[in-house]
Amino acid sequence: RMFDDARRALVGMMGSGVPVSVASLVSVVPACGVEQEQGFGLALHGLALKAGLDSVVNLGNALVDMYGKFCQVEASMQVFEVMPERNEVSWNSAIGCFLNSGLYGDVLAMFREMSERGVMPGSITLSSLLPALVELGYFDLGREVHGYSIKRAIDSDIFVANSLVDMYAKLGSLEKACTVFEKIEVPNVVSWNAMIANLVQNGAETEAFRLVIKMQKDGEQPNSITLVNVLPACSRMSSLKTGKQIHAWSIRTGLIFDLFISNALIDMYAKCGQLSLAQNIFDLSEKDDVSYNALLLGYSQSPWSFESLNLFKEIRSAGIEYDAISFMGALTACTNLCAFKQGKEIHGVLVRRLQSNHPFLANSLLGLYTKGGMLDTATKIFNRITEKDVASWNTMIMGYGMHGQIDVAFHLFDLMKDDGVDYDHVSYIAVLSACSHGGLVEKGKEYFSQMRAQNLEPQQMHYACMVDLLGRTGQLTESVELIQDMPFHANSDVWGALLGACRIHGNIEVAQYAAEHLFELKPEHSGYYTLLINMYAEAGRWNEANKIRKLMKSRKVQKNPAYSWVQSGNKLQAFLVGNG
DNA sequence: TGTGGTTTCC
């Protein structure tokens with residue numbers, strides 16, 4: 001409203017023939033930037049030129065800044081370059097303009113130029129420079145800037161300190177970030193948020209939540225940015241309860257109307273498997289392309305993958321912006337649904353719409369084609385990827401293993417090592433499952449001990465692979481021993497592998513043992529009950545089969561609906577397969 | 001004239 005008043009006053013002044021003053025322009029131009037009033041801003045610039053006021057430093061600075069906020073880099077530079085006189089503010093405004101438009105290299109170039117010209121960078125310069133260094137990944141320079149700020153005694157400026165915290169956390173180490181953070185006398189909400197965000201991104205979720213509590217004790221209330229930062233921590237810890245608390249909190253405080261918050265909530269609910277809650281938020285909130293992508297990705301990784309394809313169609317027909325991430329969601333959905341024809345079609349659209357060698361999209365395509373057994377196509381795509389990452393290799397190894405071409409899988413694993421790729425625990429899941437497919441117990445054991453020697457501690461999935469491998473080849477006793485020797489409690493993947501092996505070899509006793517654990521770990525998972533019931537039935541042990549059936553009933557376990565999907569008209573529809 | 005924020009694979 002203040003802006004409108006100022007505008008009215010100015011228009012009045014012009015109407016009454018009073019010459020525009022520098023002071024009035026300097027007070028309204030910045031507001032144009034903030035309010036994104038591009039048309040009016042341009043008119044003011046015209047007025048300034050006509051009145052010959054454009055050589056006044058303060059006004060020039062305001063114009064440089066205004067165009068910067070409009071992301072009109074050229075216009076901003078034009079004003080900057082013709083300024084007869086410049087001060088530190090001029091340089092800061094120009095730097096801010098580049099930062100705003102994501103031209104980080106230019107931020108640095110401007111910073112260097114101002115230093116060379118004898119204009120001393122101050123705290124405001126540094127708080128724009130540091131985020132640019134983060135984007136550029138220039139850690140050494142960041143450290144130098146820190147040193148400089150200490151020399152000039154501006155390191156205690158809260159903006160500089162906060163930028164330093166973020167810079168160290170993102171480029172150097174969380175420890176250094178903590179050191180800077182702890183030196184801040186009175187951290188503000190930005191300081192806390194910077195620490196919390198980086199803790200979450202480094203997998204220190206518990207510590208992040210601890211800080212959220214601590215900031216409140218220190219008298220600082222979490223804002224929308226705090227919540228957006230901790231929501232991914234909820235899904236990563238599968239702490240739906242905390243996620244719901246944050247949801248409730250955002251409703252109480254009105255932060256729910258923040259688009260970032262609703263999007264982060266959609267993502268959180270989707271990743272926690274609560275697709276209907278995610279859909280609810282989506283339906284009730286303002287939406288942008290990120291909202292669509294978050295829901296699309298959520299569905300694609302859920303048992304309702306087909307909804308993801310519906311959403312993708314909706315996005316395209318409604319003219320909503322979509323990007324590589326949308327394609328990834330759609331391709332993932334096709335992969336999960338084994339909808340390979342649909343996947344190929346989407347691949348076609350993708351080639352027409354985006355550059356087809358997009359790094360993470362290529363990996364999604366690999367997933368699609370390997371799962372579909374189209375290994376030649378996958379290999380062609382794989383060979384064209386200029387920067388293969390560990391996931392590209394892993395997907396290929398997994399794909400060849402999955403389809404019984406285990407020698408190729410092992411060969412690829414060796415090639416990856418030769419290529420100097422930083423292979424990870426997933427790479428070992430890939431080769432171990434290849435061993436499983438081929439029944440190669442000794443080779444599996446070899447890989448298993450090899451990964452330990454590489455300081456990669458076996459995780460649940462690796463044990464599950466080994467249990468599967470030993471179990472399939474009939475070594476159920478060894479499987480059980482391996483589980484009992486695990487350094488942590490086996491999860492349902494591991495017990496599930498054991499149960500599967502028992503099924504193959506008809507070993508009911510061990511199956512019971514595995515099932516006991518599974519009923520405890522996944523009481524709602526109907527498949528385990530069904531499997532055990534079938535085993536009892538096949539052995540003619542009807543009483544025991546009935547006992548499990550009753551247990552299922554008492555626990556209100558519903559048979560998993562096996563969804564399938566068909567295309568009807570323009571929409572994909574799910575229908576239930578079997579008698580439910 | 002300035003700092004922190006949502007969607008990315010096996």
Side-chain angles (χ1 to χ4, degrees), chain A residues 30 33 58 61-62 64-66 68-69 87-97 99-100 122-131 134 157-167 169-170 187-198 200 223-232 258-268 270-271 288-298 300-301 322-329 331-332 335 358-368 370-371 389-399 402 424-427 429-430 433 461:
Chain A
N58 285 354
N61 292 346
V64 170
D65 179 61
M66 180 193 76
K69 293 215 165 70
N87 57 20
E88 196 205 320
V89 181
S90 328
W91 289 93
N92 289 344
S93 305
I95 286 174
C97 165
L99 184 70
N100 234 331
S123 56
I124 297 183
T125 320
L126 300 196
S127 49
S128 295
L129 171 66
L130 285 164
V134 169
D157 179 282
I158 192 72
F159 287 87
V160 173
N162 291 345
S163 302
L164 284 169
V165 166
D166 196 53
M167 185 273 294
K170 291 207 169 90
N188 63 13
V189 66
V190 179
S191 329
W192 290 102
N193 286 345
M195 275 312 297
I196 291 165
N198 284 296
V200 172
N223 64 9
S224 63
I225 297 183
T226 322
L227 302 193
V228 163
N229 286 332
V230 289
L231 276 167
D258 184 312
L259 191 53
F260 280 79
I261 290 277
S262 50
N263 287 345
L265 282 169
I266 292 171
D267 177 60
M268 183 277 295
K271 288 215 174 87
D288 67 355
D289 48 326
V290 175
S291 331
Y292 277 91
N293 279 346
L295 192 63
L296 185 89
L297 283 167
S300 74
Q301 286 148 331
Y322 61 103
D323 57 11
I325 297 176
S326 331
F327 276 107
M328 201 191 61
L331 288 170
T332 306
T335 307
H358 199 291
F360 61 75
L361 274 183
N363 288 349
S364 303
L365 288 169
L366 293 185
L368 177 80
T370 53
K371 189 171 185 194
D389 61 14
V390 66
S392 326
W393 287 95
N394 290 348
T395 308
M396 292 307 290
I397 296 170
M398 200 82 91
M402 202 190 301
D424 59 6
H425 61 276
V426 185
S427 316
I429 294 175
S433 59
M461 269 315 275

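In what follows, chains carry the letters A, B, and so on, assigned in the order in which the sequence lines appear, proteins first and then strands, with residues in each chain numbered from 1.
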Student: For A:Lys271, which residues count as a salt bridge (Lys or Arg N to Asp or Glu O under 4.0 Å) partner, sequence neighbours excluded?
Tutor: A:Asp267

Student: In this structure, how many angstroms lie between the C1' atom of B:dC9 and the CZ atom of A:Phe360, rounded?
Tutor: 9 Å

Student: Verify whether one side chain among A:Asn188 and A:Ser191 offers a donor that lies under 3.5 Å from an acceptor in the other.
Tutor: yes

Student: How does protein reach along nucleotides 1-6 of chain B, written 5' to 3' as B (base within reach of a heavy atom under 4.0 Å), S (only sugar-phosphate), or - (no contact)?
Tutor: BBBBBB

Student: Tell me, please, which residues at least two apart from A:Tyr292 pass ring-ring contact (aromatic ring centres under 6.0 Å, His included).
Tutor: A:Phe282

Student: Checking A:Asp323 side chain against A:Ser326 main chain: does a donor-acceptor pair fall under 3.5 Å?
Tutor: yes

Student: If only atom types and distance count, is the side chain of A:Asn229 paired as donor or acceptor with the main-chain N or O of A:Ile225 below 3.5 Å?
Tutor: yes

Student: Take the protein atom CD1 of A:Ile325 and the nucleotide atom C1' of B:dT7, then report the distance between them rounded to whole Å.
Tutor: 5 Å

Student: Tell me: OH of A:Tyr322 to C1' of B:dT8, nearest whole Å?
Tutor: 18 Å

Student: What is the distance, to the nearest angstrom, from the NE2 atom on A:His425 to the C1' atom on B:dC9?
Tutor: 13 Å

Student: Separation of A:Leu331 atom CG from B:dT8 atom P, in whole Å?
Tutor: 15 Å

Student: How long is the line joining NZ of A:Lys271 and C1' of B:dC9, in whole Å?
Tutor: 12 Å

Student: Between A:Asp288 and A:Ser291 (side chain of the first, backbone of the second, donor and acceptor by atom type, cut-off under 3.5 Å), is there such a pair?
Tutor: yes

